[in-house]
Structures are given as structure tokens and as C-alpha cells.
**Student:** 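Dumping the structure here so I can ask a few things about it.
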Amino acid sequence: MAADNASSVTEFILAGLTDEPELQMPLFFLFLGFYVVTVVGNLGLITLIGLNSHLHIPMYFFLLNLSFIDFSFSTAIIPKMLMSFVSKKNIVSYVGCMTQLFFFCFFVFSESYILSAMAYDRYVAICKPLLYMVTMSPQVCLLLLLGVYGMGVFGAVAHTGNILFLTFCADNLVNHYMCDIIPLLELSCNSSYINLLVVFIVVTIGIGVPIAAIFISYGFIISNIFHISSTEGRSKAFSTCSSHIIAVSLFFGSGAFMYLKPPSILPLDQGKMSSLFYTILVPMFNPLIYSLRNKDVKFALRKTLGRITFS
């Protein structure tokens, strides 16, 4: 019997990205490269923020947590994905599959809400600059962070609990490179309209609420920017938000495309390609976006490299 007594399946086989033999090794090295860049970029950003006291402000507190989430998110997905390129059968136990699903959901929800917390931070910085350090006090930042990870736990428990109630009979081939919600629902022999409805409601809370918060924040920000008289002032205000806008567009765009469409409209093979964006590419691009477009981070990098060279 499996970990779930209602299920007769004790392990799953992950189909991976492709079954073309000649593509396996090139894809292995490509995604290994992506993973190395993701790890170095995110851990590097965490180290930079930790070592440089001028970055110890709310904006970079949230950015540090975004980097931690991105690093953990990719680590929950890519190492197992790489196995599908080098092994004939990429087998994962029932418990292992549910564990990956739990952490996948936890980090997706956490990323959604950390991006909305960052939007609120930018709103306070641009619309209420004189009250910024009071409004974004350490206590407020900590409460926002507890909310971020609290919603992560909610999303993970809701989605994983929904899948744990399903029965998996004979077929155990998951048409994906990871244990994702939709492929597992399609594989189950007793999934119902209720299960799909739960997924839609939970995903709406995970994506819809943060998007609404981000839109409201940017509504106030844009209104405030238009009231700035100087072109230089408007440009400076907008430049502090541009990295965040790019990160938000990449993450929510690909996530909504995957989960807020019925499976009949988006076949699973196309869904795999779509999910590559927010599981592999977004965690890799975020540290690059925030490093290359941020003067403070570039200054901190030069300062840290200077210290290492001098020592």
C-alpha cells in the first residue's frame, strides 16, 4: 500500500520534458547551467545584502527573502528534473511526489505574496517617503513576512490535501517533469469537479489576491509619479519600480497562463512549456533583473569584490 491508504500506487514515473533520446544530454547540460546560474545568482544576492549595511533597509529585506524563495523553489524542482534526462525511468515514491508538490506549492504562494509585499514597500517609498522608515518598521516588515510564509503554508496544505484525497489506480506515469497539480488530477481515477474547483479557488487566492494588491499599489504609485513636476524626479521614481514590474510580469504571466485556463484549452505538453517559465526561468532571472538594473546592488558588488581583492 502507498502512504495514502486509498491509493494503490506506491510510486510515480515522471515523463520529463521530452522522450527524444538525442535531446536528453543537451537538455541536461542546459538545465544544469540554468540551475548553477540560479544558485550563484540568488545565494550571491543574499550574501551581498547580508554583508553590506547600506542594503539593510526594507526593500532589500524583501529582496533577500525573494532570493531565498527562488533558490529553494528551483532546488525543489531542478535536481529531480535533471534525473529524467540521464535515467531511463525517473521514478519518485508516492511520499516523495507529495513532498515535492507541497514544497512547490509553498514556494509558489510565498513568491506571489513576497512580490505583493514588495509592491506595498515601493508604494510607501514613493507615495509616503517622509514616513517610509516609520511605516516600514522592522515589526511591520516581520509581520508582512509572516503573512507571506503563512500564505505559503496555506497554499501548500490546501493543494496537497486536495491531492491526498484522490485515488491513483493502475496508471502511474505523470506527464510532467515534476509532481504538479493538474497532471496528478488527470492521472487520478476518482478526481471530480470538486477537486478542480478547489484548485481554481486556491490558485485564485494565490494569484488573484497578490495581483489585486500589486495593481492597487501601482495605481497609487503611477498617480503619484504623474504629480511629480520634474522629468528627472519621475524617471527616478519609475526606475525604483522597473525591476519589480519585470519580475511580477514574468511570474504572474506564466503562472496565470498555466493554471487559470481549463486543461482542454491548454494541453499538458504546452502546460509543461509554460511552467518552465515560473519554475526554472523566473528564479534564474530575478537576481539578474535586480542586480543589473540596481545601482545599490552594483555598488555593493564592487565594494565586496574590492574587499576580497584587498584582503
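Keep in mind the model is a prediction, meaning the values are calculated, not measured.
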**Student:** Indicate the atoms forming the closest heavy-atom contact of Ile163 with Ile181, along with that distance.
**Tutor:**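 Looking at all heavy atoms of both residues, the shortest contact is CD1-O, 4.1 Å.
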**Student:** Count the heavy atoms of every other residue, nucleotide or ligand shown that sit under 6.0 Å from NE2 of His227, and state whether that count exceeds 12.
**Tutor:**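 Result for NE2/His227: open.
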**Student:** Do Met25 and Met83 land in one hydrophobic cluster if side-chain heavy atoms of ILVMFWY residues count as linked below 4.5 Å?
**Tutor:**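 No, Met25 and Met83 fall in different hydrophobic clusters.
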**Student:** Say you draw a straight line from CZ of Phe285 to CG of Leu250; how long is it, rounded to the nearest 0.5 Å?
**Tutor:**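 Output value for this atom pair is 7.0 Å.
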**Student:** With hydrophobic residues grouped by side-chain heavy-atom distances under 4.5 Å, do Phe62 and Leu131 end up in a single group?
**Tutor:**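 Cluster IDs for Phe62 and Leu131 differ.
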**Student:** Centroid separation under 6.0 Å, is that true for the rings of Phe12 and His176?
**Tutor:**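 When the ring centroids of His176 and Phe12 are compared, they turn out to be at least 6.0 Å apart.
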**Student:** Roughly how far apart are Phe165 CZ and Ser192 OG, rounded to 0.5 Å?
**Tutor:**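 Reported to 0.5 Å precision, the distance equals 12.0 Å.
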**Student:** Are Ile225 and Ile221 side-chain neighbours, meaning at least one heavy-atom pair lies under 4.5 Å?
**Tutor:**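 Yes, their side chains come closer than 4.5 Å.
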**Student:** Do Val199 and Leu185 come within less than 4.5 Å of each other through their side chains, counting heavy atoms only?
**Tutor:**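 In short, these two side chains touch, coming nearer than 4.5 Å.
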**Student:** Would a hydrophobic clustering, with Ile, Leu, Val, Met, Phe, Trp and Tyr connected at side-chain separations under 4.5 Å, put Val198 with Ile201?
**Tutor:**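 Yes, same cluster.
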**Student:** Treating Ser188 as the side-chain partner and Leu184 as the backbone partner, does any N or O pair qualify as donor plus acceptor under 3.5 Å?
**Tutor:**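 Flag not set: sc Ser188 to bb Leu184 has no pair under 3.5 Å.
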**Student:** Could you tell me how the ring of Phe168 sits relative to the ring of Tyr94: parallel (under 30°), tilted (30 to 60°) or perpendicular (over 60°)?
**Tutor:**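 Taking Tyr94 first and then Phe168, their aromatic rings stand perpendicular (interplane angle over 60°).
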**Student:** Using every non-hydrogen atom in the two residues, find where Cys105 and Ala156 come nearest and quote the distance to one decimal.
**Tutor:**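 That would be CB-CA, 3.6 Å.
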**Student:** Mind running side chain to side chain contact (heavy atoms under 4.5 Å, CB included) on Ile205 and Met151 for me, showing each step along the way?
**Tutor:** CA-CA 9 Å; Ile205 294 167; Met151 290 310 296; 3.8 Å; yes
**Student:** Let me see the working for Tyr177 and Asn90 under side chain to side chain donor-acceptor pair (under 3.5 Å), right down to the final yes or no.
**Tutor:** CA-CA 9 Å; Tyr177 55 81; Asn90 187 17; over 6 Å; no
**Student:** For Phe215, give me all partners under ring pair (Phe, Tyr, Trp, His ring centres under 6.0 Å), at least two apart in sequence or on another chain.
**Tutor:**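 So Phe215 forms no ring pair (Phe, Tyr, Trp, His ring centres under 6.0 Å) with any residue.
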**Student:** Mind checking whether Leu145 and Ile114 have side chains closer than 4.5 Å, heavy atoms only?
**Tutor:**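 Result yes, sub-4.5 Å side-chain heavy-atom pair found.
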**Student:** Going through the distances and angles, do Glu111 and Asn286 end up as a side chain to side chain donor-acceptor pair (under 3.5 Å)?
**Tutor:** CA-CA 11 Å; Glu111 179 130 357; Asn286 277 347; 3.1 Å; yes
**Student:** Decide yes or no for Met284 and Tyr35: does some side-chain heavy atom of the first lie under 4.5 Å from some side-chain heavy atom of the second?
**Tutor:**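 A side-chain contact under 4.5 Å is absent here.
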**Student:** Does any N or O in the side chain of Gln24 come within less than 3.5 Å of the main-chain N or O of Val86, such that one atom is a donor and the other an acceptor?
**Tutor:**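 Flag not set: sc Gln24 to bb Val86 has no pair under 3.5 Å.
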**Student:** Going by ring pair (Phe, Tyr, Trp, His ring centres under 6.0 Å), name the residues that satisfy it together with Phe31, two or more places apart in sequence or in a different chain.
**Tutor:**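 Expected list: Phe34, Phe85.
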**Student:** Do the side chain of Ser74 and the main chain of Phe71 share a donor and acceptor less than 3.5 angstrom apart?
**Tutor:**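 Flag set: sc Ser74 to bb Phe71 pair under 3.5 Å.
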**Student:** I'd like to check Leu17 versus Leu276 (side-chain heavy atoms, cut-off strictly below 4.5 Å). Are they in contact?
**Tutor:**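 Of all side-chain heavy-atom pairs linking Leu276 with Leu17, at least one is under 4.5 Å.
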**Student:** If only atom types and distance count, is the side chain of His159 paired as donor or acceptor with the main-chain N or O of Phe102 below 3.5 Å?
**Tutor:**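 Not a single qualifying donor-acceptor pair exists.
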**Student:** Assess the residue pair Val297 and Tyr290 against the criterion (side chain to side chain contact (heavy atoms under 4.5 Å, CB included)); give the C-alpha distance rounded to whole Å, side-chain angles, the decisive distance to 0.1 Å, and a yes or no.
**Tutor:** CA-CA 8 Å; Val297 173; Tyr290 279 98; 5.6 Å; no
**Student:** Begin with the C-alpha distance, continue with both residues' side-chain angles, and end with the deciding distance and a verdict on side chain to side chain contact (heavy atoms under 4.5 Å, CB included) for Leu48 and Tyr60.
**Tutor:** CA-CA 10 Å; Leu48 270 185; Tyr60 294 103; over 6 Å; no
**Student:** What pair of heavy atoms forms the shortest contact from Gly152 to Phe106, and how long is it?
**Tutor:**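 Here Gly152 and Phe106 meet closest at C-CD1, 3.3 Å.
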**Student:** Specify the closest pair of heavy atoms between Pro210 and Ser112, including all atoms of both residues, with the distance to one decimal.
**Tutor:**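 Reported closest heavy-atom pair: CB-O, 3.5 Å.
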**Student:** Determine whether more than 12 heavy atoms belonging to other residues, nucleotides or ligands lie under 6.0 Å from atom CZ of Phe220.
**Tutor:**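 Counting other residues, nucleotides and ligands, CZ of Phe220 stays at 12 neighbours or fewer.
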**Student:** Looking only at atom types and distance, does a side-chain atom of Ser217 sit under 3.5 Å from a main-chain N or O of Ala213, one as donor and one as acceptor?
**Tutor:**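 Checking the backbone N and O of Ala213 against the side chain of Ser217, a donor-acceptor pair under 3.5 Å is found.
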**Student:** How many angstroms lie between SG in Cys241 and CD1 in Ile246, if you round to the nearest 0.5 Å?
**Tutor:**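 Answer for the SG-CD1 pair, Cys241 versus Ile246, is 11.5 Å.
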**Student:** Between atom CZ of Phe103 and atom OG of Ser110, what is the distance when rounded to the nearest 0.5 Å?
**Tutor:**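 It comes to 11.0 Å.
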**Student:** Is there a chain of hydrophobic side chains (I, L, V, M, F, W, Y, each step under 4.5 Å between heavy atoms) that links Tyr120 to Val134?
**Tutor:**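 No, it is not one cluster - the side chains of Tyr120 and Val134 are not joined through contacts under 4.5 Å.
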**Student:** Using a 3.5 Å distance criterion without hydrogens, assess whether the side chain of Ser67 forms a donor-acceptor pair with backbone atoms of Ile46.
**Tutor:**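 Judged by distance alone, no pair lies under 3.5 Å.
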**Student:** With side chains defined as the heavy atoms from C-beta onward, is the minimum distance between Phe68 and Asn42 less than 4.5 Å?
**Tutor:**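 No, every pair of side-chain atoms sits at 4.5 Å or beyond.
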**Student:** How are the rings of Phe109 and Tyr113 set relative to one another: parallel (under 30°), tilted (30 to 60°) or perpendicular (over 60°)?
**Tutor:**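 Parallel: the ring planes of Phe109 and Tyr113 meet at under 30°.
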**Student:** May I ask you to test the Ile245-Tyr218 pair for a side-chain heavy-atom distance under 4.5 Å?
**Tutor:**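 In contact.
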**Student:** Mark yes when over 12 heavy atoms from residues, nucleotides or ligands other than Phe277 sit less than 6.0 Å from its CZ; otherwise mark no.
**Tutor:**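 No, CZ of Phe277 has 12 or fewer neighbouring heavy atoms, counting only those of other groups under 6.0 Å.
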**Student:** Count I, L, V, M, F, W, Y as connected when their side-chain heavy atoms are under 4.5 Å apart, and connections chain through other members. Are Val39 and Phe29 then in the same cluster?
**Tutor:**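 Linked, Val39 and Phe29 end up in one cluster.
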**Student:** Out of curiosity, Leu82 CG to Ile77 CD1, how far, rounded to the nearest 0.5 Å?
**Tutor:**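 The distance works out to 11.5 Å.
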**Student:** Hey, mind stepping through Tyr132 and Met59 against side chain to side chain contact (heavy atoms under 4.5 Å, CB included) and telling me if it holds?
**Tutor:** CA-CA 11 Å; Tyr132 179 67; Met59 175 184 172; 4.1 Å; yes
**Student:** Taking all heavy atoms of Pro283 and all of Pro287, pick out the closest pair and write down the distance.
**Tutor:**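 That closest heavy-atom pairing would be O-CD, 3.3 Å.
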**Student:** Check for a donor-acceptor pair, side chain of Asp121 on one end and backbone N or O of Met136 on the other, with a separation under 3.5 Å.
**Tutor:**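 No.
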**Student:** Going by side-chain heavy atoms closer than 4.5 Å, which hydrophobic residues are tied to Ile13, directly or by a chain of links?
**Tutor:**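 Joined to Ile13, directly or through intermediates: Ile91, Leu173.
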**Student:** Indicate the atoms forming the closest heavy-atom contact of Phe251 with Leu115, along with that distance.
**Tutor:**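 Looking at all heavy atoms of both residues, the shortest contact is CD2-CD1, 3.8 Å.
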**Student:** If you measure from CG on Leu14 to CE on Met81, what distance do you get to the nearest 0.5 Å?
**Tutor:**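 The distance works out to 10.5 Å.
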**Student:** Is Pro138 close to Phe61 at the side-chain level, that is, under 4.5 Å between some pair of heavy atoms?
**Tutor:**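 SC-SC contact between Phe61 and Pro138 ruled out.
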